[in-house]
Peer 1: 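Please read through the structure below; I'll follow up with questions.
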Amino acid sequence: MSIAALPEGDWIRGISVKQPHAACLLAGAKTIENRPRAWSWRGWLLLHTSQQTDRPALRVPLIARTIRSRDLVTGAVVGVARITDCHQDPDGAPLCSPWAQSGAWHLVLSDVRELPLPVPARGQLGPWRPSPELVARVFQQLPGFRP
């Protein structure tokens with residue numbers, strides 16, 4: 001698929017996620033990404049791994065089982081996903097997922113696709129706009145992608 005087949009305009013964002021949380025998203029086990037604030041963006045995202053690793057999370061049994069034998073690449077786009085919802089669970093209600101944190105905003109991710117090769121890139125806090133060059137490099141690896 002050539003880059004010309006991708007939509008034009010403002011259709012995709014980036015999200016930076018620390019490892020091992022990004023690996024859990026790519027594994028398909030984690031469908032919730034916890035954030036301190038609500039996100040209004042719905043649609044496609046580049047999944048970018050932050051430079052830092054959340055070392056205490058490596059000892060959480062749910063995470064350790066999920067990431068077993070996975071590389072924890074940092075500082076790169078490692079996949080794409082789609083945000084379908086952003087919500088906060090009501091106080092006192094059961095959490096929407098074993099991955100959800102109380103008091104956090106839960107980004108619901110679907111259609112997660114891992115890249116065969118990580119694409120080195122800089123991310124940033126909050127949803128960010130990737131450059132057209134970065135988008136082209138990412139989607140060269142996903143020839144069957146259709147937004």
Peer 1: Group every Ile, Leu, Val, Met, Phe, Trp and Tyr by side-chain heavy-atom contacts under 4.5 Å, then state whether Val78 and Val17 land in the same group.
Peer 2: yes
Peer 1: Under 4.5 Å between side-chain heavy atoms, counting indirect links through other Ile/Leu/Val/Met/Phe/Trp/Tyr residues: same cluster for Phe145 and Leu45 or not?
Peer 2: no
Peer 1: For Pro116 and Gln141, work out which heavy atoms get closest and say how close.
Peer 2: CD-OE1, 3.1 Å
Peer 1: Could you point out which residue of Ile32, Thr31, Asp85 forms a side-chain contact (heavy atoms from CB on, under 4.5 Å) with His106?
Peer 2: Ile32
Peer 1: Do the side chain of Gln19 and the main chain of Ser50 share a donor and acceptor less than 3.5 angstrom apart?
Peer 2: no
Peer 1: Locate the shortest heavy-atom distance separating Thr49 from Val73; write the atom from each residue and the value.
Peer 2: OG1-O, 3.1 Å
Peer 1: Output the distance between atom OG1 (Thr84) and atom CG (Asp111), rounded to the nearest 0.5 Å.
Peer 2: 8.5 Å
Peer 1: How many angstroms lie between CD1 in Ile67 and NZ in Lys30, if you round to the nearest 0.5 Å?
Peer 2: 11.5 Å
Peer 1: I'd like to know if the side chain of Asp89 and the backbone of Cys96 have a donor-acceptor N/O pair within less than 3.5 Å.
Peer 2: yes
Peer 1: CD/Gln52 to OG/Ser16 distance, rounded to the nearest 0.5 angstrom?
Peer 2: 11.0 Å
Peer 1: Kindly compute the distance separating CH2 (Trp128) from CG (Leu46), expressed to the nearest 0.5 Å.
Peer 2: 5.5 Å
Peer 1: If you define the side chain from C-beta out and look only at heavy atoms, does anything of Cys86 sit under 4.5 Å from Arg42?
Peer 2: yes
Peer 1: Treating Ile, Leu, Val, Met, Phe, Trp and Tyr as nodes and any side-chain heavy-atom pair under 4.5 angstrom as an edge, say whether Leu47 and Val135 lie in one connected cluster.
Peer 2: no
Peer 1: Do Val108 and Leu95 belong to the same hydrophobic cluster, where Ile, Leu, Val, Met, Phe, Trp and Tyr are linked whenever their side-chain heavy atoms lie under 4.5 Å apart, directly or via other members?
Peer 2: no
Peer 1: Around atom CZ of Arg113, are there more than 12 heavy atoms from other residues, nucleotides or ligands closer than 6.0 Å?
Peer 2: yes
Peer 1: Specify the closest pair of heavy atoms between Gly79 and Leu26, including all atoms of both residues, with the distance to one decimal.
Peer 2: CA-CD2, 4.2 Å
Peer 1: For the atom pair OG1 (Thr53) and NE2 (His21), what is the distance rounded to the nearest 0.5 Å?
Peer 2: 9.5 Å
Peer 1: Would the number of heavy atoms belonging to other residues, nucleotides or ligands and lying under 6.0 Å from CG of Asp10 be above 12?
Peer 2: yes
Peer 1: Is there a path of hydrophobic side-chain contacts, each under 4.5 Å between heavy atoms of I, L, V, M, F, W or Y residues, that connects Val77 with Val112?
Peer 2: no
Peer 1: What do the steps show when you test Ile15 against Ile83 for side-chain contact (heavy atoms from CB on, under 4.5 Å), and what is the final call?
Peer 2: CA-CA 10 Å; Ile15 183 175; Ile83 293 181; 5.5 Å; no
Peer 1: Roughly how far apart are Leu25 CG and Glu114 CD, rounded to 0.5 Å?
Peer 2: 11.0 Å
Peer 1: Please answer whether the main-chain N or O of Trp99 pairs with a side-chain N or O of Asn34 as donor and acceptor at a distance below 3.5 Å.
Peer 2: yes
Peer 1: For Gln124, look at atom CD and say whether over 12 heavy atoms of other residues, nucleotides or ligands are found less than 6.0 Å away.
Peer 2: yes
Peer 1: Assess whether side-chain contact (heavy atoms from CB on, under 4.5 Å) is satisfied between Trp39 and Arg13, documenting all intermediate values.
Peer 2: CA-CA 12 Å; Trp39 282 33; Arg13 292 284 185 275; 5.8 Å; no
Peer 1: Are Trp44 and Phe139 near enough that their ring centres are under 6.0 Å apart?
Peer 2: no
